[in-house]
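Keep in mind that what you see is a predicted model, and the values were worked out from it rather than measured. Quick note: numbers below take in every heavy atom, side chains included, and nothing from hydrogens, waters or symmetry partners. Chain naming here is simple, since letters A, B, ... match the order of the sequence lines and numbering starts at 1 in each.
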2 protein chains.
Amino acid sequence: MAERGGGPRPGGRSARVQAAVHRAARDLLARMDRAEVTIPLIAAEAGVTPSTIYRRWGELNELLADVAVERLRPDMVPVETGHGRGDLLAWAEQYAEEMSSGLGREMIRDVLAAEGGTGPRRCCSYARQQIALIAERAAARGEAFPSLDAVLDGVLAPILFRILFDEALGPARVGELVERVFEGDRRVDDP
Amino acid sequence: MAERGGGPRPGGRSARVQAAVHRAARDLLARMDRAEVTIPLIAAEAGVTPSTIYRRWGELNELLADVAVERLRPDMVPVETGHGRGDLLAWAEQYAEEMSSGLGREMIRDVLAAEGGTGPRRCCSYARQQIALIAERAAARGEAFPSLDAVLDGVLAPILFRILFDEALGPARVGELVERVFEGDRRVDDP
DNA sequence: CCTCCAAACGCAAAGAATTTGCTTTTAGCG
DNA sequence: CGCTAAAAGCAAATTCTTTGCGTTTGGAGG
């Protein structure tokens, strides 16, 4: 029913409609309150009929989650500072800042609100890839670097947890978390 | 608009309606798929008109979030094992298990999906209270115990992060997290 | 190049949910 | 014992969602 993701074939009609709908949704989210955005509105903006959207996405949450996951995909490689700890710190600080914004928070919530669990998984995997890349670079330089799970649980988890349930962490606290994940037992086993 | 929480006055008509609606929502959630539950359905089950619910809660998400926060409120004090680390471990394991269930995950998502940020805050504060209680008991015994923030970021955050974005953590990993939060800098006076 | 096919879209009617104006009930108060 | 403000009921109007059916489209095979 859902058929999220890149679409069936690149270049087909299906892909064009999906692109138009995504763009329309992004535009509307940018210029009006999230609660006022409806499927008929997006359809009108995209130049398609509502039933097309209902058939492809099923409900507003699925569509918005789809759009949010797309926007959450990292668009650049993590900056290189010369050592793994600096790379991770820079990445974590930028990540925390982006996600702490009003728009960032809304996108995360949209992703979580969708039915199928694939959206959150994809977001997690995006972060995983970025961290793995930093870890690889560190390993190539012969540095010790914490395991992927340690970084996920020790840095990413607190950042997202605080954004969702409490108050977003500031850069100072993010720095502490990065420091802490480098302390103690370093498991370099994970590539 | 929302008027979540305990209700205006205990015993009034308002409180009775709220209780009836909450119960109806819980019953329906228990016996049918979450996606099929609608406000008119809940209204019928509760014996009120839909417009009452619309006026009080605004939309389905708000109502379900309200119900979920209620159910997420801890109903007992953390078990006493004799020392803080054991208390925290027992609490964390039980928390992780409860939240990892299908029902637990749905409740968390409901809480997060609501508009106002008060639901997630309240859930966080429930956990805070439980942890603070464990910490107080430890302090009363003269034990060292990690700071509240350290526990939130080091134990609670990974548990919830994995449930929401990845795969729920097993008891073994939860135990590791508890161990780790007791390592390193303890910001409470030494034992 | 042409024809055929399945997938996807548009249209419009039917069905369901949401909003809203107005009336009625109720609990608390003087 | 009335009075009043808040909350609920009722019903009409509006908006969203679903669905059946005909049309278009892009691609595969001849």
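- B:Ile53 places its CD1 atom 12 Å from the C1' atom of C:dA17, with the value rounded to the nearest Å.
- The pair A:Arg180-B:Asp153 does not count as a salt bridge, with every side-chain nitrogen at least 4.0 angstrom from each carboxylate oxygen.
- Across the protein-nucleic acid pair, A:Ile39 atom CD1 and D:dT19 atom P stand 14 Å apart, rounded to whole Å.
- Side chain of B:Ser100 to main chain of B:Ala168: no donor-acceptor pair is present (N/O by atom type, distance under 3.5 Å, no hydrogens or angles).
- In summary, the side chains of A:Ser14 and A:Arg56 do present a donor paired with an acceptor at a separation below 3.5 Å, with no hydrogens or angles considered.
- Of the residues near DNA chain C, B:Glu36 and B:Arg16, the one whose nearest nucleotide (by heavy atom distance) lies more toward the 5' end is B:Glu36.
- Distance, B:Trp57 CH2 to D:dA7 P: 12 Å, rounded to whole Å.
- Under the 4.0 Å criterion applied to side-chain N and carboxylate O atoms, B:Glu106 and B:Arg109 are not assigned as salt-bridge partners.
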Notebook entry, point to check: Pairing of DNA chain D as dot-bracket, 5' to 3': ( ) intra-strand, [ ] crossing, | other strand, . unpaired, with Watson-Crick or G-U pairs under 3.5 Å?
Noted result: ||||||||||||||||||||||||||||||
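- Between B:Asp110 and B:Arg71 there is no salt bridge, since none of the side-chain N atoms of the basic residue sits less than 4.0 Å from a carboxylate O of the acidic one.
- One hydrophobic cluster holds both B:Ile131 and B:Tyr126 under the rule that ILVMFWY side chains link at heavy-atom gaps under 4.5 Å.
- In this structure, the CZ atom of B:Arg13 is 13 Å from the C1' atom of D:dT4, given to the nearest Å.
- Going from atom CG of A:Leu60 over to atom P of D:dT18 covers 12 Å, rounded to whole Å.
- The number of heavy-atom neighbours closer than 6.0 Å to CD of B:Glu97, taken from other residues, nucleotides and ligands shown, is 12 or below.
- The CD1-P distance, from B:Ile42 to C:dA16, rounds to 17 Å in whole Å.
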Check nucleotides 10-14 of chain C against the protein and report each pair of N or O atoms closer than 3.5 Å, with its distance, or say if there are none.
| unit_1 | atom_1 | unit_2 | atom_2 | d |
| --- | --- | --- | --- | --- |
| C:dG10 | OP2 | A:Thr49 | N | 3.2 |
| C:dG10 | OP2 | A:Thr49 | OG1 | 3.2 |
| C:dG10 | OP2 | A:Thr52 | OG1 | 2.4 |
| C:dG10 | O6 | A:Arg55 | NH2 | 2.8 |
| C:dC11 | N4 | A:Ser51 | OG | 3.1 |

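- Judged purely by atom type and a 3.5 angstrom limit, A:Asn61 has no side-chain atom pairing as donor or acceptor with the backbone of A:Ala114.
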